[in-house]
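Quick note on labels: first sequence line is chain A, next is B, and so on, each numbered from 1.
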Number of protein chains: 4
Amino acid sequence: MHHGNRHGRSEAAREAVLQAADDLVAEIGYARVTIEGIAGRAGVAKQTIYRWWRSKTDILVDAFVADAVQELTLPDTGSFGTDLRAHLEELVRFLEVSDAGAVFRALVGQAQHDPGLALRLRSEILPLLRARDRVPFERAVTRGELPADADIDLLVDRAVGPIHYRVLVTGAPVTAALLDA
Amino acid sequence: MHHGNRHGRSEAAREAVLQAADDLVAEIGYARVTIEGIAGRAGVAKQTIYRWWRSKTDILVDAFVADAVQELTLPDTGSFGTDLRAHLEELVRFLEVSDAGAVFRALVGQAQHDPGLALRLRSEILPLLRARDRVPFERAVTRGELPADADIDLLVDRAVGPIHYRVLVTGAPVTAALLDA
Amino acid sequence: MHHGNRHGRSEAAREAVLQAADDLVAEIGYARVTIEGIAGRAGVAKQTIYRWWRSKTDILVDAFVADAVQELTLPDTGSFGTDLRAHLEELVRFLEVSDAGAVFRALVGQAQHDPGLALRLRSEILPLLRARDRVPFERAVTRGELPADADIDLLVDRAVGPIHYRVLVTGAPVTAALLDA
Amino acid sequence: MHHGNRHGRSEAAREAVLQAADDLVAEIGYARVTIEGIAGRAGVAKQTIYRWWRSKTDILVDAFVADAVQELTLPDTGSFGTDLRAHLEELVRFLEVSDAGAVFRALVGQAQHDPGLALRLRSEILPLLRARDRVPFERAVTRGELPADADIDLLVDRAVGPIHYRVLVTGAPVTAALLDA
DNA sequence: AAATAATCGAGACGGTACGTCGAGTCTTAAT
DNA sequence: ATTAAGACTCGACGTACCGTCTCGATTATTT
């Protein structure tokens with residue numbers, strides 16, 4: 001019985017590609033990142049990239065997920081109001097200034113033109129973010145600050161929707177006034 | 001009209017280009033539309049396009065604005081609640097199913113990678129939409145259903161933000177429950 | 001009525017490509033010549049080459065024909081024997097040491113793998129050479145040294161065949177002894 | 001056998017490779033034969049090929065020599081004229097229609113671009129053919145039909161040169177008229 | 001009405017990047 | 001030690017569009 005590659009893909013190459021992609025988006029912006037550029041920066045052959053990924057967005061999804069595994073903790077401030085406020089401020093910081101946020105915005109942008117990417121975005125990335133967005137509400141239910149049958153996903157959409165809208169669409173700054181749902 | 005046409009007959013070409021661009025986005029999707037494709041479809045030379053526009057998004061902004069001049073009227077239903085509900089349902093229809101909405105989503109998507117486009121989007125397209133979004137609230141102020149010093153832009157963001165968020169980001173359907181702000 | 005390109009292809013580009021191809025074959029040998037290399041050397045875009053030629057051999061045929069237009073004169077020595085001897089020595093010089101001969105050998109070699117090239121070789125290049133090869137025999141007929149109904153093409157094959165055979169196949173030097181048909 | 005095989009079972013692999021190479025040249029033509037294709041067809045790893053051969057032409061030389069060991073006998077017809085005529089007809093058949101002839105033509109073609117191959121061709125393959133080509137002349141010397149000091153190699157070149165010339169260069173059919181040296 | 005000058009459709013041009021192919025090298029696990 | 005498998009780096013392939021250019025024809029003002 002023969003069964004394909006016995007030693008599998010090169011982990012070193014994989015990491016170099018993800019790192020290079022992340023770096024390049026931060027340095028020159030998504031639009032000017034090319035597969036050839038990533039390959040060159042990563043010291044990897046183009047063919048190796050095409051062997052494992054289908055497009056530059058495919059790489060960036062992997063890169064985003066790999067990074068997202070890290071940052072997890074959400075401090076418990078004791079009350080729903082302050083918890084939520086802290087979380088939303090953290091969200092704004094993520095969307096507007098972090099490198100990961102830049103990747104996220106680029107992916108959401110590209111997903112408007114690419115149904116396949118939209119699918120991956122919704123099945124692999126958004127659940128990660130949604131889980132974090134739910135935390136303040138779930139704590140509030142535990143504490144009894146919200147009713148046990150509250151529709152948390154709806155509440156999350158109403159809380160983070162306007163923030164995404166300003167960041168992605170209007171470009172207006174997210175003011176303190178908006179952070180009071 | 002922000003460009004010359006002092007001689008020659010560019011108006012026919014201009015309209016053919018805008019129409020071709022709109023059609024192509026509807027037919028094959030923004031990502032596969034090219035300047036060459038638009039030129040071919042419009043029966044126009046590439047150079048003619050480059051004389052008047054800087055990119056395919058530049059064309060689409062013009063096309064969107066030209067279309068948007070048309071559809072204007074917002075029926076007055078008599079009360080704030082029904083007015084707003086009717087408007088939001090119309091907004092969902094625009095974003096999710098209309099050709100113009102497809103162009104809008106593509107432009108917002110591309111604006112994530114292109115600061116110049118983001119600028120045009122925010123200075124030429126969003127004000128048109130914002131004006132319409134404000135109507136129900138302004139009528140409510142007139143009727144006395146809302147206080148005269150209400151921050152209408154903030155209220156608009158809270159009303160349409162979650163809708164845009166679902167359409168552009170999560171892809172979740174916009175349910176009746178969400179249309180109750 | 002519209003009728004395509006009014007100014008046609010760039011003669012400068014054409015000549016630069018033919019020259020670059022010739023030079024590269026002489027410098028690095030046919031096997032290491034690439035389309036990209038020719039394009040780079042000629043200062044021309046790859047697409048320009050692919051617009052007008054189908055392969056590197058296609059370029060070389062054109063280059064060979066362009067060169068062959070020049071060298072024409074065959075001195076008349078007065079007698080068949082010396083005419084033929086002079087011509088065959090010239091042929092050996094062409095095949096063994098000239099740049100054009102190197103191109104010819106490469107084309108004959110490649111024609112063994114490429115029926116399309118074989119066709120072009122036989123319809124465009126060989127007639128040029130054959131015309132020259134016939135001259136000594138035709139003069140001999142004129143002078144009465146050969147009968148008027150002599151099969152000149154057959155005589156040519158018997159005269160030049162062994163020379164080509166040594167150059168292309170055995171690699172043995174073409175000795176004086178061979179030049180006595 | 002000019003290589004090791006001191007351990008392992010390379011002999012099966014060796015034969016599979018030579019057979020696959022021969023078959024592929026016959027099926028798809030020399031130009032489209034690749035090392036990967038040979039490996040795949042032979043059920044052998046690419047590395048195994050590179051361990052024992054340096055190029056696809058290197059394989060084909062081995063394959064040709066292996067085949068050539070077989071067909072040997074040249075019928076003695078009793079007289080120089082018929083002997084030679086029979087041999088030349090056999091040569092034409094070999095060059096024009098046999099699989100081995102196709103390999104031979106491909107190798108001669110490739111040798112125009114590859115000095116290393118030219119060397120192997122002249123040291124390993126041509127002597128085999130030359131030996132056969134000499135037979136009719138050597139018999140004629142034995143019979144006294146040719147003088148004992150005849151330069152047989154020269155006579156061979158004059159007999160087979162025009163035939164090779166037509167097959168490799170002009171593509172003209174080898175007519176009966178040509179077979180009268 | 002003729003002369004003038006910007007614009008037109010067409011498409012060749014120099015480029016950049018694409019996604020694919022095969023070359024030749026390497027590492028691994030199995031024999 | 002050699003094998004089959006296949007991932008690796010590398011170079012070139014042939015293609016698609018980009019944005020610029022030149023051409024000869026068209027057309028609307030200007031003279």
List the atom pairs, with distances to 0.1 Å, where a side-chain N or O of residues 37-47 of chain D and a protein N or O form a donor-acceptor pair under 3.5 Å, not counting sequence neighbours.
{"residue": "Arg41(D)", "atom": "NH2", "partner": "Glu27(D)", "partner atom": "OE1", "Å": "2.6"}
{"residue": "Arg41(D)", "atom": "NH2", "partner": "Glu27(D)", "partner atom": "OE2", "Å": "2.8"}
{"residue": "Lys46(D)", "atom": "NZ", "partner": "Glu36(D)", "partner atom": "OE2", "Å": "2.9"}

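Asp58(B) places its CG atom 14 Å from the C1' atom of dG19(F), with the value rounded to the nearest Å. Distance CZ (Arg14(C)) to P (dC13(E)): 12 Å, rounded to an integer number of Å. Atom C1' of nucleotide dC18(E) and atom CH2 of Trp53(A) are separated by 18 Å, given to the nearest angstrom. One atom, NZ of Lys56(A), and another, C1' of dG19(E), lie 15 Å apart when rounded to the nearest Å.
Shown here for Val103(A) and Val25(A), the closest heavy-atom pair between the two residues is CG2-CG1, 4.0 Å.
Residues meeting the side-chain contact (heavy atoms from CB on, under 4.5 Å) test with Ile28(B), sequence neighbours left out: Leu24(B), Arg32(B), Val33(B). Checked against side-chain contact (heavy atoms from CB on, under 4.5 Å), Ala111(A) has the following partners two or more places apart in sequence or in another chain: Leu117(A), Ala118(A), Leu121(A).
In terms of phosphate contacts, Trp52(A) brings no side-chain nitrogen or oxygen within less than 4.0 Å of OP1 or OP2 of dG6(F).
A salt bridge links Arg120(B) with Asp62(B): the distance from a Lys NZ or Arg NE/NH1/NH2 to an Asp or Glu carboxylate oxygen falls below 4.0 Å.
Cation-pi geometry between Arg9(C) and Trp52(C) is met: the NZ or CZ atom falls under 6.0 Å from the ring centre, inside 45° of the normal.
The terminal axes of the helix from dA1(E)-dT31(F) to dT31(E)-dA1(F), fitted over 5 pairs per end, subtend an angle of 10° to the nearest 10°.
A distance-only check finds a donor-acceptor pair linking the side chain of Gln112(D) to the backbone of Leu168(C) [under 3.5 Å]. For the pair His113(D) (side chain) and Gly29(C) (backbone), a donor-acceptor distance under 3.5 Å is absent. A donor-acceptor contact shorter than 3.5 Å links the side chain of Asp58(D) to the backbone of Arg54(D).
Within residues 26-38 of chain A, the residues approached by DNA chain E to less than 4.0 Å at the level of any non-hydrogen atom are Thr34(A), Ile35(A), Glu36(A), in residue-number order. Of the residues in residues 39-51 of chain A, those with a non-hydrogen atom less than 4.0 angstrom from any atom of DNA chain F are Gly43(A), Val44(A), Ala45(A), Gln47(A), Thr48(A), Arg51(A).
Between Trp53(B) and Ile35(B), every side-chain heavy-atom pair lies at or beyond the 4.5 Å cut-off. Side-chain atoms of Asp99(B) and Asp22(B), non-hydrogen and from C-beta on, never get closer than 4.5 Å to each other.
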